[in-house]
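One structure is given below, encoded as structure tokens.
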Amino acid sequence: CPTGALTHITSARIYNEVGDWEDLFAEGLSGCQGCNTELLMRHALRRVGPDTVLATPPGCVPGMGAVGFNGLTGTKVPVFHPLLTNTAAMLAGVKRQLARKGREVTAMALAGDGGASDVGFQSLSGAAERGENILFLVVDNEGYMNTGMQRSSCTPYGAWTSTTPVGRQGKGKTQDAKNLPLLMVNHRCAYVATASTAFMEDFYAKLDKAIVASKTGFAYLHVYSPCTTGWRFPPEKNIEVARKAVESNFVMLWEFSPRAGLRFTHSVEAPLPVADYLKAMGRFRHLNEDQILHIQKKVEENRALVEQLATRSSAA
Amino acid sequence: MYEVRLHGRGGQGAVMAATMLASGVVAEGRFAVAIPSFGFERRGAPVAAFVRIDDREIRRMTNITHPDCVMCIDPTLSRSVDIFAGLKPGGALVQATEKPLSDLVTPETVAVVGVIDAVRIALDIFGRPITNTLMLGALARATGLVTLEGLKRALAHSEFRDAGLRQNLIALERGFHETAVQKLKQAAA
Amino acid sequence: MTNHRAYPMFDPAKAGAPDDLCPIATVINPMLPGDWRSLRPLVDRDKCVKCAVCWLYCPVQCIVEKPAWFDADLRTCKGCGICATECPHRAIAMVMETTG
Amino acid sequence: MTAAMLDPCVTKNAPEYLVCEGNEAAALAVALARPDMVSVYPITPQSSLVEHLAKLVADGRMDAEIVDAEGEHSVLSVLQGAALAGGRTFTATCGPGLAFMFEPYFRTPGLRLPIVMALVTRDGLTPQSVWGGHQDAMTVREVGWVQMYCESVQEVLDTTLMAFKIAEHRDVMLPVNICLDGNYLSYGAARVTLPAQADVDAFLGEKDVNWHAALDPQKPMAIDPLTGGAGGKGPATFVRYRKGQCAGMQNALRVICETHDAYAQKFGRRFAPLVEEYRMADAEFALLTLGGMTGAAKDAVDEARDAGKRVGLIKIKTFSPFPVEALCAALRGIKALGVVDRSVAFRWNCGPMFQETLGALYRLGRPLPAASFIGGLAGADITVEHFHRVIEQTEALLHGAAPKNGPIWINEND
């Protein structure tokens with residue numbers, strides 16, 4: 001099959017390049033079986049390399065043992081727990097002080113969507129405005145999964161979470177998700193991109209650009225991370241779910257820099273109906289037709305908005 | 001201990017004048033403390049500042065309610081503020097005004113008055129009605145509390161530079177020399 | 001980015017840092033989650049073309065290269081089954097772990 | 001004024017004394033301490049402190065990173081990062097800013113980071129107030145920061161310099177607040193002497209703030225892993241860290257004394273490190289004061305002495321850790337005590353310092369009639385006249401008057 005052949009070449013190319021590089025997390029981390037976050041963070045940190053200081057605010061990343069427990073650690077680079085609220089600020093202090101001493105390091109955050117878009121947003125926004133030299137990677141699993149799958153502002157409309165439960169009255173979240181990556185575009189960060197682990201080559205290319213951008217400005221990478229436990233789908237379907245999100249335009253893959261503007265890196269011109277994506281997981285099982293219609297309409301609206309930004313960029 | 005209360009309007013530099021007066025006193029080897037009144041110092045609104053002067057270390061960091069001297073750097077302020085409140089008998093008044101000494105109405109507590117047409121002179125020097133350094137010169141003349149030399153040294157160590165410094169030194173001099181001083185006959189304290 | 005190996009971990013004893021100041025950890029957690037598995041990946045060596053798709057998508061990064069095929073390191077494989085689902089050549093099957 | 005005092009070439013021609021407000025004195029001390037990073041956010045009555053710092057950097061008289069963060073929460077967070085990367089750090093805040101900063105503030109002592117922060121004390125909300133009072137500092141007194149209160153502008157300058165030495169001492173390794181009364185000390189200007197840069201360099205010595213915990217790629221470690229829980233090594237590990245933190249606080253009592261001694265030797269200015277005893281030698285009764293109110297209280301004590309009253313004064317400088325032994329020693333000879341607070345301990349219906357003193361009295365093992373006075377709230381003045389009334393009411397205890405149940409409000413009838 002043509003898709004398989006393509007994947008074959010790509011995967012081998014990445015493997016040939018970085019397969020030998022050390023995985024900078026402990027061999028054993030206690031992420032759920034089939035955890036997409038564990039997948040993306042292992043790839044990301046290996047790519048960024050050992051000259052890194054890593055910040056992992058409360059969430060699944062430290063929850064699976066990245067910062068360790070009672071004297072044991074899960075990471076082979078310096079790693080710390082910021083507060084849920086101050087990741088970007090604390091990292092900015094680390095980076096500036098090391099730069100002051102003439103040390104070149106990558107200051108990297110692996111933050112969840114809740115800590116980035118809700119309670120940590122002020123700190124994130126402030127650091128982006130100041131142009132702190134940080135690589136801020138948001139793992140977007142669309143909710144507070146580590147604390148028991150509660151709603152965040154990145155949770156999509158209609159989704160079941162433990163704080164937007166489904167019952168006689170409740171039909172999941174009643175608001176649309178906050179579009180955090182577009183907010184970061186509006187901060188005119190040195191680099192902003194969205195990524196998905198179903199499109200690894202795209203993810204790697206963006207990581208490379210983000211690493212470079214973080215040397216002189218604020219680099220923001222928003223990676224969608226389907227959560228087998230919180231979204232209610234079998235672990236082995238993880239990449240499939242991630243892929244369908246992109247193929248339905250529920251998730252769009254693009255990148256932005258102030259000079260080049262915004263461009264799609266994988267434009268889906270003939271998307272799947274969003275229902276095909278929603279059906280792949282249990283958190284949307286209760287949706288009625290109106291809700292599905294609402295989500296389909298939002299997907300198209302979002303697509304139109306990003307398209308408009310992309311068109312303007314290419315015209316400029 | 002000698003206590004001075006300065007009155008002015010936000011933006012005229014009364015608080016800065018208080019610090020400058022303290023600096024002038026300290027430059028002469030004595031002790032001084034300057035305390036601004038704490039409010040919202042909006043441009044135009046009445047403000048006050050306090051200065052204590054002594055030959056030994058001053059410990060109390062409090063407002064001044066019974067001053068020995070009142071200095072008012074704005075000619076119209078006394079219409080809205082009781083600048084004489086709490087003035088000690090035998091006290092001094094240093095007032096910016098275009099009126100001659102004879103036209104000035106003062107309470108019985110005032111024993112010494114120094115007046116100067118500070119706004120006119122300020123417009124002459126700065127092109128703006130900034131009266132604070134002028135009035136320090138006037139205070140030095142009227143009370144002898146600080147020397148002109150001490151105030152000049154304070155100015156030299158201030159944030160003023162170049163043209164600003166030169167203008168303010170002129171203002172000090174003119175404030176000192178163009179102030180009319182009169183000792184009033186008054187009831188014994 | 002020339003260095004792709006971890007630096008040696010900080011040694012608090014050597015640095016004279018007492019163990020009652022800022023909480024730190026300098027020993028890599030030796031936990032191995034291989035025992036979480038109820039299903040295990042079984043690679044059909046004839047079908048494997050070493051395309052590395054299994055490696056690319058394995059969340060625990062436990063896929064190791066063998067002379068003519070890729071295999072899972074069972075010390076850390078949690079048995080999620082992503083490799084079996086994603087293998088374009090259907091070369092991996094998930095089989096029940098045997099008891100005992 | 002500041003006038004390029006820190007440029008070594010200009011220092012020679014600097015005046016013997018300068019006049020500056022407390023906020024500027026703190027800023028000058030910070031510049032002399034050569035921090036790596038200063039992060040700031042404006043708030044009344046602290047704002048001029050950060051303005052002075054920004055100006056010192058802008059004028060090239062201070063070589064430090066200034067991070068204008070988007071709020072106090074990030075201000076302290078930036079400094080935590082910088083300290084973990086080896087930087088000497090400083091900030092300042094007050095009142096609502098401290099409240100907003102609380103989450104990282106609460107965490108700093110546990111990380112054992114020697115961050116120095118001026119706390120330009122301000123009363124608590126609500127009623128809405130932008131003026132001084134100790135309510136903010138008192139509210140966080142149990143968090144684990146070292147807190148020293150200053151009486152004069154000169155003491156602000158000198159204590160700020162000492163704070164770095166105390167915080168970074170290997171036996172302490174704790175963050176330090178220099179508490180200066182909002183308004184009266186922050187904006188009050190007085191004569192101060194500026195130490196010479198070379199002397200300060202010698203006094204403070206080498207910066208070494210992250211020898212115990214570092215974010216440095218070449219020394220990989222995890223900072224603050226999950227610790228505790230109810231099983232395995234958790235409880236013992238957690239207790240070990242807590243005991244370490246308590247030991248640091250207790251060591252601070254000793255180190256504060258040593259540092260004040262060393263400072264007096266180097267710079268010729270001696271301040272009582274923990275508790276100051278003023279005219280206590282033959283005192284029958286005493287006032288207990290804190291911070292900027294003390295000067296007026298001393299003037300009142302002198303006048304009362306002239307009138308034949310055998311009154312003395314005890315000033316607490318180091319409030320956290322609470323100097324129990326030093327306070328007991330000061331209380332040993334007296335028969336009545338009036339404690340003057342500039343804030344409220346709501347739970348005990350008295351002043352916080354009064355409440356703490358009750359603990360010390362238990363340690364003293366001798367009942368002592370004591371009254372709680374609360375004044376100077378929200379910028380109110382506690383004048384010499386007020387202190388005369390405090391002296392009278394405390395003296396009444398000496399003659400058998402029963403202490404009032406509840407505080408005596410100093411400014412109630414102003």
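Residue numbering restarts at 1 for every chain, and letters A, B, ... go by the order of the sequence lines.
- For C/Ile28, the parts sitting under 4.5 Å from any heavy atom of chain A are the backbone and the side chain alike.
- Under 3.5 Å, the side chains of C/Gln61 and A/Arg46 contain a donor-acceptor pair of N or O atoms.
- Interface remark: A/Thr106 contributes no atoms to any contact with chain C (heavy atom separation under 4.5 Å).
- Enclosure of atom CZ in C/Arg5 by more than 12 non-hydrogen atoms of other residues, nucleotides or ligands within 6.0 angstrom is indicated.
- The number of heavy atoms from other shown groups lying within 6.0 Å of NZ (A/Lys101) is above 12.
- A/Asn238 and C/Tyr57 share no donor-acceptor pair across their side chains, judged by distance under 3.5 Å alone.
- When the candidates A/Met200, A/Glu27, A/Met41 are compared by the number of heavy-atom contacts under 4.5 Å with chain C, A/Glu27 comes out ahead.
- A salt bridge between A/Glu38 and C/Lys78 is present, with a side-chain N of the basic residue lying under 4.0 Å from a carboxylate O of the acidic one.
- Of all the heavy atoms in A/Gln33 and C/Cys80, the pair that sits closest is C-CB, 3.8 Å.
- Contacts between A/Leu29 and chain C at a heavy-atom distance below 4.5 Å involve the backbone alone (N, CA, C, O).
- Between C/Trp55 and A/His43, the ring-plane angle classifies as perpendicular under the 30° and 60° cut-offs.
- Contacts between A/Glu104 and chain C at a heavy-atom distance below 4.5 Å are absent for every atom of the residue.
- With values rounded to the nearest 0.5 angstrom, C/Glu86 atom CD is found 9.5 Å from A/Lys237 atom NZ.
- Residue C/Met9 touches chain A through its side chain alone, counting heavy-atom pairs closer than 4.5 Å.
- Ranked by heavy-atom pairs shorter than 4.5 Å toward chain C, the options A/Asp51, A/Leu24, A/Asp20, A/Val67 are led by A/Asp51.
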